[in-house]
Amino acid sequence: MQELTVGLLVISDTAAADHATDRAIDTLTAVIAEANAAADVAGSTYEWIVDERRIVPDDREAIQEKIREWCDVKQLSLVLTTGGTGFGVRDVTPEAVGDLLEKTANGIVHGMLAASLRITPFAVMSRPVAGIRKQTLVITLPGSPKGAKENLEAIIKLLPHACVQSAGGDSRSLHSGGVRKLEADAGLTGSATPRTTFHDRHSHLHESGGISGDESANHHHGCSHGHHAPTPRTKQTDNTNEMLSNELTADVTRRYRSSPYPMISVAKAHTLVAENLPLPEVVKRKVGPDLVGYILAEDVTAAESVPAFRASIVDGYAVVHTDGTGVYPVVAVSHAAPTETKLLSAGEIVRITTGAPLPPGATAVVMVEDTRIAEKTADGKEELQVEVLASGLEPMENVREVGSDVRAGEVVLRKGAEITAVGGEVGLLASAGVQEVSVYWKPAVGVLSTGDEVVDHDRTGELKLGEVRDSNRPTLIAAIQARGFEAVDLGIARDRFETVEEVIKDAISRVDVLITTGGVSMGEKDLLKPTIERSFLGTIHFGRVAMKPGKPTTFATIPSPESPPTAHKPVFSLPGNPASATVTFHLFVLPALRQLSGYSGASAHLPTALVTMEHDVPLDPRPEYHRAVVRVDKTGTLLARSTGGQRSSRIASLEGANALLCLPAAGDVGDKRTRIPRGERVPALLIGELKMGEY
Ligand SMILES: Nc1nc2c(c(=O)[nH]1)N[C@H]1C(S)=C(S)[C@@H](COP(=O)(O)OP(=O)(O)OC[C@H]3O[C@@H](n4cnc5c(N)ncnc54)[C@H](O)[C@@H]3O)O[C@H]1N2
Ligand code: MOO
Ligand SMILES: [Mg+2]
């Protein structure tokens, strides 16, 4: 067995000040142990031995001192540094190490970068070097343990061979130096041994077209509300944030040519949104018409009984029910008004109106229809005596007992109840004397359009070549407000990094949820994703969804500028195409806003119903959210008709639409069909009110 000695040098001011913060040594040691295990299984004859572990600050001298010691004196086989390879002012590792190298090993640098670029475009923000000093191979890995691990895993299989060769490939020099045992491992670079490589395990991250594995199984449940286990994609963090993609965007030849974001199903996207939203906040609100749309955050009890007094259910005469039929004097009148009523004795009656308080002593009310006037006043305007014709009255007949509708102290609405526009809940709370309730808040939603070509929709004058009127902002603001949320108009941001950064920074301090449109696809002016990740250290939970329209739909969370520092603001970066933006708003953003305002589980989503196609509809290669008009015919059947051309740019495809037909991808259903025939029933997400009758 050959032993290849390794030195691990952590270069970090933070870790040098407090060794407990370091995770790189453990991470890299684990990668090395794994490589040993894999080599063992494969019958290789080498073994890595970690001989040295050190943490030094981002200090040129300190770094060089260790490199010299480990290469020149200890003659290790391999030195791995981690940290200090970014663009930060304190990042000096490549220079400190580079100056000491006698030969460069650009292939290793290339290998690491190529592997990283498959995971994140921001790998271009790392500046690794690799090379040989004396007989030692030295490689600089990035500072984040994740990045360091991925880089090392990408090349470690080849390193034994490189180390043996660096040491001269000579048994004596190897023996006196780092490689304590002899013989090059002939099998090292061979491909005979199938091992789990970086590429194997990460291939799903850079697949560009379809969806792999279990994702595809979910295609045709187009209206799914998401049942996937979460697999949030964690962001790469290092200390190169502010360097940003002027690099990535200014220089078009350097941009990535396939999306680094995995394509996920709509169901999975729903799960990721649901799991990464902050919890709804609880606020107090006055009971009144403005309460509609809120969800109660606690049980509500009646402050008062309804009715609060014994009230008549009919217009007639309050009586003592045992008095029976006969002629009685009308001794008073009780109207439905705040009043003092005098005691009623047996043998007397009181005229009473519906809802008026029963006089004390009365035990029932006789309807006016069951009476007759026996004697009037001289002017004929008032009744003096009335004959009661009804017999066999029950006690409390035609009387609403105190609290018989609602009893004071009883729970009238449960936590989680929605205050609907039907009005019943507002009415119930109002009647029971409840003045204020605890509800979940309604987030304020910022709407930002992006694009150099986009102009305010109401700008006067003709459009210049390339200009486009902003339809997304008015559309989304209208939809947000109609659903009862506050919309904050954030205007249009130009396609410049600094502008987008500044506008988002301002926006997240003012709104609870941010919606942007445009700039999320593959163009060099598509700045949203890099800005979210780099400028705001946001986490992009997904950046592509298998759907049409809306493929580049992006959902991220950005650390909140307010306290608590752990709070995150949700950001929906929707595609710029108008139909895509509107469809993805209803599909993803609206359920998120509802979840944030206390709707839970499936109730956060708009309802899905089965509708019958009135005509054939061709299927798209992607699962499609086809805009349609759904009407209820005279038999009560829901019938659906397409709104016509479904191109993502065509906002007219939403004109009159009240549903999104959830169509499977062509060839994705059992019989590999390319169209849905007339008469077939398909699920439809109801985004607007159902219509009756003919078109
Ligand atoms: N090479 C590739 N190109 C594109 C892909 C792809 O996968 N690879 N995806 C396409 C898809 S799908 C969509 S959807 C769009 C998404 O584009 P972006 O979100 O980057 O949006 P922009 O490029 O900024 O604009 C697209 C389109 O929409 C118009 N637009 C933008 N904002 C507004 C607005 N507020 N009101 C009205 N119209 C707006 C804009 O002028 C463009 O015509 O990318 C495809 N490309
Ligand atoms: O997904 Mo894009 O929304 O087709 O246009
Ligand atoms: Mg674009």
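Counting starts at 1 for both ligands and their atoms, in listed order. Note that this is a predicted model, so its numbers are computed, not measured.
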Practice task
Check ligand 1 against Ser449 and write out every atom of the ligand that is under 4.0 Å from a heavy-atom position of the residue.
Solution key: 35 (N)

Fill in the blank from the handout: Checking heavy-atom distances from atom 30 (N) of ligand 1 to each of Gly519, Gly576, Pro552, Gly523, the winner is Gly576

Fill in the blank from the handout: Atoms of ligand 1 under 4.0 Å from any heavy atom of Asp470, numbered from 1 in the order shown, are 34 (C), 35 (N), 36 (N)

Handout entry: Donor-acceptor under 3.5 Å (Arg127 side chain, Gly86 main chain)
Key = yes

Practice task
Keeping the roles fixed (side chain from Gln595, backbone from Ala274), state whether a donor-acceptor pair exists under 3.5 Å.
Solution key: yes

Practice task
For Ser521 and Gly523, indicate whether the former's side chain and the latter's backbone hold a donor-acceptor pair under 3.5 Å.
Solution key: no

Fill in the blank from the handout: In this structure, atom 27 (C) of ligand 1 is nearest to the protein heavy atom Asn577 OD1, 3.3 Å

Problem - Arg622 backbone acceptor or donor facing Asp620 side chain under 3.5 Å - result: yes

Handout entry: Aromatic Tyr294 / basic Lys442 pairing, under 6.0 angstrom, 45° off normal
Key = yes

Handout entry: Proximity flag Arg647 to ligand 2, non-hydrogen atoms under 4.0 Å
Key = no

Problem - Asp456 with Arg459: basic N within carboxylate O range, under 4.0 Å - result: no

Problem - Contacting atoms of ligand 2, where contact means under 4.0 angstrom from a heavy atom of Pro549 - result: 1 (O), 3 (O), 4 (O)

Problem - Ser648 side chain vs Ala579 backbone, donor-acceptor pair below 3.5 Å - result: no

Exercise for the section: Look at ligand 1 and say whether Arg473 reaches it with a heavy atom at a distance under 4.0 Å. Expected result: no

Problem - Cationic N near anionic O, under 4.0 Å, Arg631 to Glu614 - result: yes

Practice task
May I ask you to identify the nearest protein heavy atom to atom 7 (O) of ligand 1, giving residue, atom name and distance to one decimal place in Å?
Solution key: Lys551 NZ, 2.9 Å

Exercise for the section: Mark yes or no for whether His270, through its side chain, and Pro591, through its backbone, hold a donor-acceptor pair below 3.5 Å. Expected result: no

Handout entry: Heavy-atom donor-acceptor pair, Arg673 side chain to Gly667 backbone, under 3.5 Å
Key = no

Problem - Contact check, Pro578 vs ligand 1, heavy-atom distance below 4.0 Å - result: yes

Fill in the blank from the handout: re atom 5 (O) of ligand 2, the protein heavy-atom contact at minimum distance is Ser648 OG, 2.5 Å

Problem - Among Met522, Arg622, Lys525, closest by any non-hydrogen atom to atom 8 (N) of ligand 1 - result: Met522

Practice task
Starting from atom 42 (C) of ligand 1, find the nearest protein heavy-atom neighbour and note its residue, name and distance.
Solution key: Glu453 OE2, 4.0 Å

Problem - Heteroatoms of the protein, restricted to N/O/S, which lie under 2.8 Å from the Mg ion (ligand 3) - result: Asp526 OD1, Asp526 OD2

Exercise for the section: Within a distance under 4.0 Å of any heavy atom of Gly518, pick out the atoms of ligand 1 and give their elements. Expected result: 19 (O), 21 (O), 24 (O)

Practice task
Could you tell me whether a side-chain N or O of Asn472 sits under 3.5 Å from a main-chain N or O of Thr517, the two making a donor and an acceptor?
Solution key: no

Problem - Between Asp91 and Thr85, a side-chain donor and acceptor under 3.5 Å - result: no

Practice task
Consider only side-chain N and O atoms of His541 and Thr557, and report whether a donor and an acceptor are under 3.5 Å apart.
Solution key: yes

Practice task
Compute the minimum heavy-atom distance from Ser648 to ligand 1 and say whether it is under 4.0 Å.
Solution key: no

Problem - Protein contact of atom 46 (N) of ligand 1 - nearest heavy atom, named by residue and atom, plus distance - result: Ser521 OG, 3.6 Å

Exercise for the section: Using a cut-off of 6.0 Å, state whether more than 12 heavy atoms not belonging to Arg675 lie near its atom CZ. Expected result: yes

Completion exercise
Closest heavy-atom pair, Ala507 versus Leu514, reported as atoms and distance to 0.1 Å, is CB-CD1, 4.0 Å

Fill in the blank from the handout: Closest to atom 34 (C) of ligand 1 among protein heavy atoms sits Asn472 ND2, 3.2 Å

Handout entry: Residue Val454 vicinity, atoms of ligand 1 by number, heavy atom under 4.0 Å
Key = 32 (N), 33 (C), 35 (N)

Exercise for the section: Could you tell me whether a side-chain N or O of Lys569 sits under 3.5 Å from a main-chain N or O of Val513, the two making a donor and an acceptor? Expected result: no

Handout entry: Per-atom contacts of ligand 2 with Ser580, taking only distances under 4.0 Å to non-hydrogen atoms
Key = 2 (Mo), 3 (O), 5 (O)

Problem - Proximal atoms of ligand 2 relative to Asn577 (non-hydrogen, under 4.0 Å) - result: 5 (O)

Fill in the blank from the handout: Looking only at protein heavy atoms, what sits closest to atom 3 (O) of ligand 2 is Gly550 N, 2.4 Å

Practice task
State which residue, out of Phe585, Phe555, Phe542, fulfils the ring-ring contact (aromatic ring centres under 6.0 Å, His included) condition with Phe572.
Solution key: Phe555

Problem - Donor-acceptor pair, side chain of Asn658 and main chain of Glu689, under 3.5 angstrom - result: yes

Problem - Numbered atoms of ligand 1 (with element) below 4.0 Å of Ser580, judged on heavy atoms - result: 14 (S)

Problem - Identity and distance of the protein heavy atom lying nearest atom 23 (O) of ligand 1 - result: Asp526 OD1, 3.7 Å

Fill in the blank from the handout: Atoms of ligand 1 under 4.0 Å from any heavy atom of Ser471, numbered from 1 in the order shown, are 36 (N), 37 (C)

Practice task
Under 4.0 Å from a heavy atom of Arg469: give me the atoms of ligand 1 that qualify, with their elements.
Solution key: 36 (N), 37 (C)

Practice task
Pull out every atom of ligand 1 sitting under 4.0 Å from any heavy atom of Val468, numbered as shown with elements.
Solution key: 37 (C), 38 (N), 41 (O)

